[in-house]
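Within every chain, numbering begins at 1; the chains are lettered A, B, ... in the order of the sequence lines, protein sequences first and strands thereafter.
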Protein chains: 2
Amino acid sequence: MDTITIKDIARALNLSTSTVSRALRDSYEINPETKRLVIEYAERLDYRPNPIALSLKENRSRVIGVIVPQIANNFFSQVINGIEAIAYNRGYNVIIFQSHESFERELLTVQQAVTRKADGLLISLSSSTSDVSHLRTLQEKKLPIVLFDRVSAELDLPCVTADNFAGAFAATEHLIQTGRRRIAHVTIPPYISITQERLAGYRAALEQYGIPYVESLVQYAGFGQYEVEPIIDDLLSQKPDAFFAASDRLALGCLAALKKRNVAIPETVSLIGFTNTPVADLLAPPMSTVEQPALEIGQTAAEQLIDLIEDKPKKPKPGTVRIPTRLHVRTSTQ
Amino acid sequence: MDTITIKDIARALNLSTSTVSRALRDSYEINPETKRLVIEYAERLDYRPNPIALSLKENRSRVIGVIVPQIANNFFSQVINGIEAIAYNRGYNVIIFQSHESFERELLTVQQAVTRKADGLLISLSSSTSDVSHLRTLQEKKLPIVLFDRVSAELDLPCVTADNFAGAFAATEHLIQTGRRRIAHVTIPPYISITQERLAGYRAALEQYGIPYVESLVQYAGFGQYEVEPIIDDLLSQKPDAFFAASDRLALGCLAALKKRNVAIPETVSLIGFTNTPVADLLAPPMSTVEQPALEIGQTAAEQLIDLIEDKPKKPKPGTVRIPTRLHVRTSTQ
DNA sequence: TTGTAAGCGTTATCAA
DNA sequence: TTGATAACGCTTACAA
């Protein structure tokens with residue numbers, strides 16, 4: 001890979017590298033004729049400045065580090081799509097890191113991203129992260145960071161999330177309005193911010209409609225493949241008349257488990273998940289869903305981060321931005 | 001972001017930067033005592049070599065450029081997962097680029113990746129790419145490249161794909177063995193390698209079972225959201241007794257279109273798609289699928305690329321590696 | 001208007 | 001065993 005550098009141009013044109021550099025940056029102090037010569041020659045040779053040399057000089061990389069629990073996940077891959085779109089427009093590249101829901105791995109990848117000299121970080125916390133001191137350290141070092149989706153209130157960092165409370169409220173309200181009273185709530189590990197927000201929305205809706213909150217109807221599932229099975233058994237013994245699954249994966253897991261048990265879903269149970277794919281349209285029975293604005297979360301988070309990196313804090317303290325969710329009601333009879 | 005450098009260590013210990021550098025790389029020509037001192041101090045300060053400086057010096061970045069048509073796609077995000085796993089283990093970072101199925105965008109992103117000094121490229125061609133001279137140029141410059149999934153026979157590059165021919169053959173054979181005779185084949189744009197391979201598998205199966213190949217039963221759909229609709233209308237007018245959708249997206253698109261038209265799917269039509277998610281288990285009616293080994297494709301491609309980068313060509317000419325697919329038969333009656 | 005030189009962080013070569 | 005110096009590609013004081 002022979003690359004052409006400023007030196008080559010300088011040598012060929014009998015100029016110094018500084019003159020060439022200035023000509024290429026269209027400096028006012030360069031003879032227009034020289035400028036023309038340099039620029040033409042550079043174009044002919046398809047010269048591209050070496051971003052690594054620039055990074056070293058300017059102490060910044062034009063790279064954004066993105067840390068997600070999993071790439072191979074509909075929600076996160078859509079978020080990354082949104083991030084990438086904004087980054088592309090604003091001249092940044094994106095390096096992806098996965099924490100695989102492990103705290104240790106999150107520490108490592110955050111460290112990696114910093115070592116790699118990412119100009120800023122977009123992070124969605126792993127489900128096993130409760131201690132956030134690794135981020136506090138970076139915050140103190142003034143590294144721009146924006147949290148998204150799974151955030152932490154312990155850090156005074158800008159956050160971008162779906163409006164989980166409102167989404168869960170709307171979903172629960174819908175179930176109540178269609179006559180459900182014993183709504184099982186299957187959810188993800190309790191550490192994560194979104195778990196709490198969704199649970200709060202669920203409880204608020206119950207309360208508003210005067211329905212008692214039954215603690216045993218709320219069950220937490222980890223990320224193992226078959227973890228949902230025993231939970232479903234437990235819940236079924238409690239005769240729920242609806243299921244609220246608090247994530248895509250759990251919604252599908254519940255459906256599969258119910259199907260396996262031949263539970264006559266359309267008659268006795270409704271499901272509301274956060275599933276954000278058109279797949280939900282095709283499921284039997286139809287599953288109403290709360291659509292997560294993944295793309296927009298990614299875009300917003302990236303915008304905020306790049307503004308921060310480039311020191312354009314439009315608002316003094318961004319705080320948490322909540323992107324609205326949308327409830328899609330799907331019925332069996334349609 | 002104050003970073004500690006070799007200079008800082010040298011100054012603090014009253015040594016030269018070269019001594020520190022050598023001590024840190026455990027050079028034999030350094031006094032064990034000095035070595036100990038340096039290493040201890042470096043550890044205490046949590047010193048990390050600046051990879052940008054290293055890149056500049058060594059003229060390599062330890063970055064792999066990955067170019068896919070779309071990140072927010074089940075198949076590609078799983079491939080990326082596989083790539084990331086291998087890259088992580090072997091000390092590389094991954095920069096993702098999207099071509100958005102556009103040839104122009106592919107040119108740009110390939111250029112970007114090269115400018116960014118990626119040590120090698122993993123590429124799945126966009127559906128509008130028929131001219132591959134941009135890759136040939138890079139190939140001539142000896143830049144390590146491995147193609148995956150959507151490859152090109154015009155380039156003598158290592159390729160990693162699913163065994164599309166065998167997969168399509170098995171799927172078609174299954175349909176034939178369950179009594180189908182008029183199997184519609186809905187597929188993606190014809191330029192892409194996988195389209196041809198899948199079509200060839202389909203044809204081979206028809207031929208083996210003495211079923212005539214009907215050209216009008218083969219229809220190509222682009223990537224637009226509603227492109228599948230008119231195609232389904234056309235095909236339905238030809239009274240097919242099965243559908244073979246050659247991609248995830250098309251499989252779901254077909255199901256949705258058929259549902260919309262109230263076609264009694266379980267009685268008259270079977271679908272075989274390349275859908276690679278457990279979601280298929282939940283669809284109504286059950287859709288048999290050919291599972292794509294996405295993770296393994298990513299891993300294999302990454303292994304090959306890094307071997308190439310590090311100049312360890314285990315085999316003289318890798319050629320095309322085909323990872324086996326798996327047919328999942330799902331029936332309505334189960 | 002152009003050139004010289006220093007510096008970004010690191011390593012390799014050569015000298016001491 | 002250690003240190004001075006040049007080099008990777010680029011920008012920017014400062015000199016000319």
Side-chain angles (χ1 to χ4, degrees), chain A residues 1-43 45-63 91 112 114-119 141, chain B residues 1-39 41-42 45-63 91 112 114-119 141:
Chain A
M1 286 301 306
D2 46 331
T3 340
I4 118 121
T5 74
I6 266 189
K7 269 189 191 172
D8 300 321
I9 303 180
R11 203 177 311 121
L13 265 47
N14 247 311
L15 291 168
S16 74
T17 57
S18 41
T19 305
V20 174
S21 170
R22 276 181 283 231
L24 289 172
R25 336 207 90 238
D26 200 24
S27 160
Y28 65 98
E29 40 180 14
I30 295 291
N31 187 319
E33 179 56 15
T34 317
K35 219 181 257 184
R36 198 183 54 74
L37 234 61
V38 170
I39 292 177
E40 268 180 12
Y41 190 78
E43 267 178 8
L45 263 66
D46 197 28
Y47 164 79
R48 312 275 170 145
N50 182 336
I52 293 179
L54 279 175
S55 293
L56 187 58
K57 184 115 236 304
E58 300 174 357
N59 201 28
R60 53 125 130 164
S61 58
R62 288 202 162 269
V63 162
Q112 263 271 314
V114 171
T115 304
R116 269 278 176 198
K117 303 281 174 197
D119 291 341
K141 288 189 188 161
Chain B
M1 286 299 307
D2 45 330
T3 341
I4 119 123
T5 75
I6 266 190
K7 271 188 188 171
D8 300 321
I9 303 180
R11 202 175 313 122
L13 265 48
N14 247 310
L15 291 167
S16 72
T17 56
S18 37
T19 304
V20 174
S21 171
R22 275 181 285 229
L24 289 171
R25 336 208 90 237
D26 201 23
S27 159
Y28 65 97
E29 39 180 13
I30 294 291
N31 185 319
E33 179 56 16
T34 316
K35 217 182 260 183
R36 198 182 54 73
L37 234 58
V38 170
I39 291 177
Y41 190 78
L45 265 64
D46 196 29
Y47 163 80
R48 314 274 170 145
N50 182 334
I52 294 180
L54 281 174
S55 294
L56 186 60
K57 187 118 232 314
E58 299 173 357
N59 201 27
R60 53 126 130 158
S61 58
R62 289 201 162 271
V63 161
Q112 262 271 313
V114 172
T115 304
R116 269 277 176 197
K117 303 283 174 194
D119 291 342
K141 289 189 187 161

With the side chain defined as heavy atoms from C-beta on, A/Tyr47 is closest, among D/dC10, C/dT10, C/dA12, to D/dC10
Closest non-hydrogen contact found for B/Arg48 with B/Asp46 is NH2-OD1, 3.1 Å
Nearest-Å distance, CG (A/Leu24) to P (D/dT11)? 8 Å
When you get a sec, tell me which of C/dT11, D/dG9, D/dT11 is the closest nucleotide to the side chain of A/Thr5? D/dG9
Could you state the CG-P distance from B/Leu56 to D/dA7, rounded to the nearest angstrom? 14 Å
Closest non-hydrogen contact found for A/Ile4 with A/Tyr47 is O-CD1, 3.4 Å
Any A/Ser16 side-chain nitrogen or oxygen under 4.0 Å from OP1 or OP2 of C/dG3: yes
Determine whether A/Lys117 and A/Val63 make a side-chain contact, defined as any pair of heavy atoms from C-beta on separated by less than 4.5 Å. no
A/Pro49 to A/Leu54 - nearest heavy-atom pair and separation: CB-CD1, 4.2 Å
Return the nearest nucleotide to the side chain of B/Ala53; candidates are C/dT10, C/dG3, D/dA4. C/dT10
Would you classify B/Asn14 as touching base, sugar-phosphate or nothing, given that sugar-phosphate means primed atoms plus P, OP1 and OP2, and contacts are heavy atoms under 4.0 Å? sugar-phosphate
With a 4.5 Å cut-off on side-chain heavy atoms, are A/Thr115 and A/Gln112 touching? no
Stretch residues 28-40 of chain A: residues that reach within less than 4.0 Å of DNA chain C through a heavy atom: A/Glu29, A/Ile30, A/Asn31, A/Thr34
Any residue meeting side-chain contact (heavy atoms from CB on, under 4.5 Å) with B/Leu15, in chain and number order, not counting sequence neighbours: B/Leu13, B/Thr19, B/Val20, B/Thr34, B/Val38
Both B/Thr19 and B/Glu58 contact DNA chain D. Which one's nearest nucleotide lies toward the 5' end? B/Thr19
Short side-chain N/O contact to C/dT10 OP1/OP2 from B/Lys7, under 4.0 Å: no
So which atom in B/Asp119 and which in B/Ser61 form the shortest heavy-atom distance, rounded to 0.1 Å? OD1-N, 2.8 Å
Does C/dG3 have OP1 or OP2 under 4.0 Å away from a side-chain N or O of A/Ser18? no
Rounded to 10°, tell me the angle between the two end axes of the helix from C/dT1-D/dA16 to C/dA16-D/dT1, each built from five pairs. 60°
Measure CG/A/Asp26 against C1'/D/dT11 and give the value in whole Å, please. 16 Å
Could you give the CD1-to-C1' distance, from B/Ile6 to D/dC8, as a whole number of Å? 15 Å
Taking only the side-chain heavy atoms of B/Lys57 (C-beta and beyond), determine which of D/dG9, C/dA5, C/dT11 contains the nearest atom. C/dT11
Quick one: does B/Lys141's side chain have a donor or acceptor within less than 3.5 Å of a partner on A/Thr3's backbone? no
Side chain to side chain, B/Arg22 and B/Ser18, heavy atoms closer than 4.5 Å: yes
Of A/Leu15 and B/Leu54, whose nearest nucleotide on DNA chain C comes first from the 5' end? A/Leu15
Provide the closest heavy-atom pair for B/Ala23 versus B/Ile39 in the form atom of the first, atom of the second, distance. O-CD1, 3.9 Å
I need the CG-P distance between A/Asn59 and D/dT11, as an integer number of Å. 16 Å
Starting at CZ of B/Arg22 and ending at P of D/dG3, how long is that distance when rounded to a whole Å? 9 Å
Atom-to-atom span, NZ of B/Lys117 to C1' of D/dC10 - whole angstrom: 12 Å
Please report the distance, rounded to the nearest Å, between CZ in A/Arg25 and P in D/dG9. 17 Å
